[in-house]
Number of protein chains: 2
Amino acid sequence: MIDPRLELLRAVDEHGTVTGAAEAMSRSPSGVSRQLRELARELGVALFDHVGRRVQLTEAGRTLVQHAHQLAEQAERALAAVRTTTDEISGQVVVAGHITALGSLIAPSIGRLHSRHSALRVIAEERQPREAIPGLLSAAIDLAVMPVTAEAPAVTDPRCAVLDIGVEPIDLLVSQTHRLVGADEIALIEAAAEEWILGSREHDSRTETLSACHRAGFNPRPAHYAQDWSAVAALVAANLGVALVPRSVPTQWYPGTSRVFLGGHAPPMRRIIACTRAGAEDTPALGVVVDELRDLARAWTSNQDPEMDIDMP
Amino acid sequence: MIDPRLELLRAVDEHGTVTGAAEAMSRSPSGVSRQLRELARELGVALFDHVGRRVQLTEAGRTLVQHAHQLAEQAERALAAVRTTTDEISGQVVVAGHITALGSLIAPSIGRLHSRHSALRVIAEERQPREAIPGLLSAAIDLAVMPVTAEAPAVTDPRCAVLDIGVEPIDLLVSQTHRLVGADEIALIEAAAEEWILGSREHDSRTETLSACHRAGFNPRPAHYAQDWSAVAALVAANLGVALVPRSVPTQWYPGTSRVFLGGHAPPMRRIIACTRAGAEDTPALGVVVDELRDLARAWTSNQDPEMDIDMP
DNA sequence: ATCGATCATGCACCCATTGTGCACGGTTCC
DNA sequence: GGAACCGTGCACAATGGGTGCATGATCGAT
């Protein structure tokens, strides 16, 4: 809808080299160079300077990139407005999410959405948060579902809009022979004396578990380390420790474990968000998908106290 | 800078037929048809309905056209911002105007602008007001200078921005042997008893003359009709009547005539405006050109009472 | 200091998108 | 009912844009 060369320029700004930008855009360096030269010629200004063997945007180039963001947003807004005029929800929405969101939110939503809006095609795509934003901006995907964690830091890119999906409780996973099996809504501090299964170093679930325990007022005693949820469940089932697992992780597939819901003052949980391109928030098709995801997320907390305070990182 | 198909859609909206739009855009009907079909397919909505053998935009189509205007304006704004970053005034500005504006404003400005901004290329182009706006929107010209008259009605197109250049006094042209020669600032009513040379039927200068006389309180007695200023001057020189001519018309080339300046309560005059594409008003190169035109226009009224009231149609 | 790696760019070539010409099926007006 | 007008589909051609390779320059490491 808008000049693709602007996106090229943005990539050059981001990477600092034409080659890097070309790679990111799946183009050849010579092609990118050619396009940008033509763009600069049309505008009558130099868009970047050569510093060493690299390249750096001039003030004019940066100004153009900045305006390009606004243009892209307004173009998305135009598309949304056009689609709003047709009362039927139709079109195609590619929804990406990390593996557990895919299983617990996206996959279940597809059938329900299809039965309600037959002209709507929802396509699921597994994608890590890190890969999701670039895919969003390149229009390969339309909606990226992800938890708010350290690995997916606050989405501050002005080209993205963030929609809230809901909060997902985090449960304590214990062996089926554990003393806490059958307990109802214990406080996390009650598991302070346990041995813990933690995520691998610098990994997502590890920092989540640690910060949850710290907020509860103790430092977990680590026994074993595992990254994949099935490995965690196996360790728990073998009575080698307890672990924190988000509600959406399907541990029922791994026998020998039992979930204990956590209550108390500030039970651990994580916020699930969905990112779209700025300006596309109001697309009707996107709206019904987001509503459906929110509806499914609500099931996580519907049988819990809705007044509990949420901790955003 | 933005999708050219949007401009095609706008043309279809304007003409009501694909063929007309194609002609206006110098394209073949089949090409336009193809592009619009592709655009509609991408958007997933019908952009126009077939009514009889003509075509009419759907609500979605109209919405898109509306947003396209905003997009085009913002794109112009981006270009202006980029050009503002370079302190040197450069680039190319195509200035169009009707014939007298060309001679009295545009042509004189070019030399002065070139001497002050060597990197700036100002290109003059003669164009009637009617043809100017389409040329402006198709980016064939950048600035259109025109008087505010009935033929060039109020420029209300949201894609245009109107800049004020100044007011041009209108003088009374009389034969060199006329009794009023040498008079200083007479009121127009003093010429009520004269015989008048009027413009051809339904032509610009005719309506201007008539409305000026009506405002002065009389109905001019028509003697002869002429459209070209040289013909008017010839008739006046032959003592066949008097006429109203704008200050910028070079009657000194036609011997045997004399100008009488008009004063009084509300002397006749016309406002000169310059149109640009919306969003391009702040382009630096355009700014210096407009300033220069204003400066030249100021010479018309510098030796007159600046407090006189202006009549806008 | 030298060699290799990295990078931007120009050039020749090639392919895809896009515009054109023409034919066909409808519609409108005389 | 015929003629003019209009939109669209199809085959073909041309322009634009992408790729691959060679070149010159720069940086880093040995």
Side-chain angles (χ1 to χ4, degrees), chain A residues 1-62 64-65 68 75 134 138-140, chain B residues 1-62 64-65 68 75 134 138-140:
Chain A
M1 188 68 75
I2 64 171
D3 198 320
R5 296 176 297 184
L6 297 179
E7 193 61 17
L8 254 47
L9 188 68
R10 198 200 52 73
V12 169
D13 185 29
E14 193 174 27
H15 292 83
T17 96
V18 173
T19 304
E23 198 168 340
M25 293 283 146
S26 308
R27 295 259 161 71
S28 68
S30 54
V32 174
S33 175
R34 188 174 130 70
Q35 292 284 29
L36 293 177
R37 175 158 39 97
E38 183 64 16
L39 179 60
R41 197 192 60 77
E42 282 177 23
L43 295 175
V45 297
L47 290 174
F48 49 82
D49 297 323
H50 293 235
V51 39
R53 63 184 170 184
R54 298 173 68 81
V55 96
Q56 188 175 11
L57 260 58
T58 61
E59 190 189 344
R62 286 194 302 273
L64 186 57
V65 166
S138 71
Chain B
M1 189 66 75
I2 64 171
D3 198 321
R5 296 175 297 184
L6 297 179
E7 192 62 17
L8 254 48
L9 188 69
R10 197 200 52 73
V12 169
D13 185 29
E14 192 174 28
H15 292 82
T17 90
V18 172
T19 304
E23 198 169 337
M25 293 282 146
S26 308
R27 295 260 164 72
S28 68
S30 54
V32 173
S33 176
R34 186 172 133 68
Q35 291 285 27
L36 293 177
R37 175 159 37 97
E38 183 63 16
L39 179 60
R41 197 191 60 78
E42 282 178 21
L43 296 175
V45 296
L47 290 173
F48 50 82
D49 296 323
H50 293 237
V51 40
R53 63 182 171 184
R54 299 173 68 81
V55 95
Q56 188 174 11
L57 260 59
T58 61
E59 190 189 345
R62 287 194 302 273
L64 186 56
V65 166
S138 71

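Note on naming: letters A, B, ... go to the chains in the order of the sequence lines (proteins, then strands), and numbering restarts at 1 for each one. These numbers come from a predicted model, not from an experiment.
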Interatomic distance where CG belongs to L39(B) and C1' belongs to dG19(C) [whole Å]: 17 Å

N/O donor-acceptor pairs under 3.5 Å from side chains in residues 12-26 of chain A, not counting sequence neighbours:
unit_1 : atom_1 : unit_2 : atom_2 : d
E14(A) : OE1    : R10(A) : NH1    : 3.3
H15(A) : ND1    : A11(A) : O      : 2.9
T17(A) : OG1    : T19(A) : N      : 3.3
T17(A) : OG1    : G20(A) : N      : 2.7

Quick test of your reading: applying side chain to side chain donor-acceptor pair (under 3.5 Å), list the pairs with at least one residue in residues 44-57 of chain A, sequence neighbours left out, ordered by first then second residue. none

Axis bend over the full length of the helix from dA1(C)-dT30(D) to dC30(C)-dG1(D), computed from five pairs that close each end, to 10 degrees: 30°

Could you give the CZ-to-P distance, from R34(A) to dC11(C), as a whole number of Å? 11 Å

What residue among V45(A), T58(A), L39(A) forms side chain to side chain contact (heavy atoms under 4.5 Å, CB included) with L64(A)? L39(A)

Could you check whether any side-chain N or O of S33(A) sits under 3.5 Å from a backbone N or O of P29(A), counting only pairs where one atom can act as donor and the other as acceptor? no

Does I2(A) form a side chain to side chain contact (heavy atoms under 4.5 Å, CB included) with D3(B)? I'd like the steps, not just the answer. CA-CA 6 Å; I2(A) 64 171; D3(B) 198 321; over 6 Å; no

Atom CZ of R27(A) to atom C1' of dA16(C): distance rounded to whole Å? 13 Å

Rounded to whole Å, please give me the gap between CE in M25(B) and P in dT18(C). 17 Å

Taking N or O atoms only and anything under 3.5 Å, show me the protein contacts with nucleotides 6-9 of chain C, one pair per line.
unit_1 : atom_1 : unit_2 : atom_2 : d
dT6(C) : O2     : R53(A) : NH1    : 3.1
dC7(C) : O3'    : R53(A) : O      : 3.0
dA8(C) : OP1    : V18(A) : N      : 2.4
dA8(C) : OP2    : V18(A) : N      : 3.2
dA8(C) : OP2    : T19(A) : N      : 2.6
dA8(C) : OP2    : T19(A) : OG1    : 2.5
dT9(C) : OP1    : H50(A) : NE2    : 2.7
dT9(C) : OP2    : S33(A) : OG     : 3.0

Rounded to whole Å, the CD-P distance (E7(B) to dG19(C)) equals 14 Å

Find out whether V65(A) and L6(A) are in side-chain contact, i.e. whether some heavy atom of one side chain is under 4.5 Å from a heavy atom of the other. no

Where at least one partner belongs to residues 35-45 of chain B, residue pairs that pass side chain to side chain donor-acceptor pair (under 3.5 Å), sequence neighbours excluded: R5(B)-E42(B), E38(B)-R41(B)

Taking any atom closer than 4.0 angstrom to a non-hydrogen atom of chain B, what span of DNA chain D does the protein reach, first nucleotide to last? dA4(D) to dG9(D)

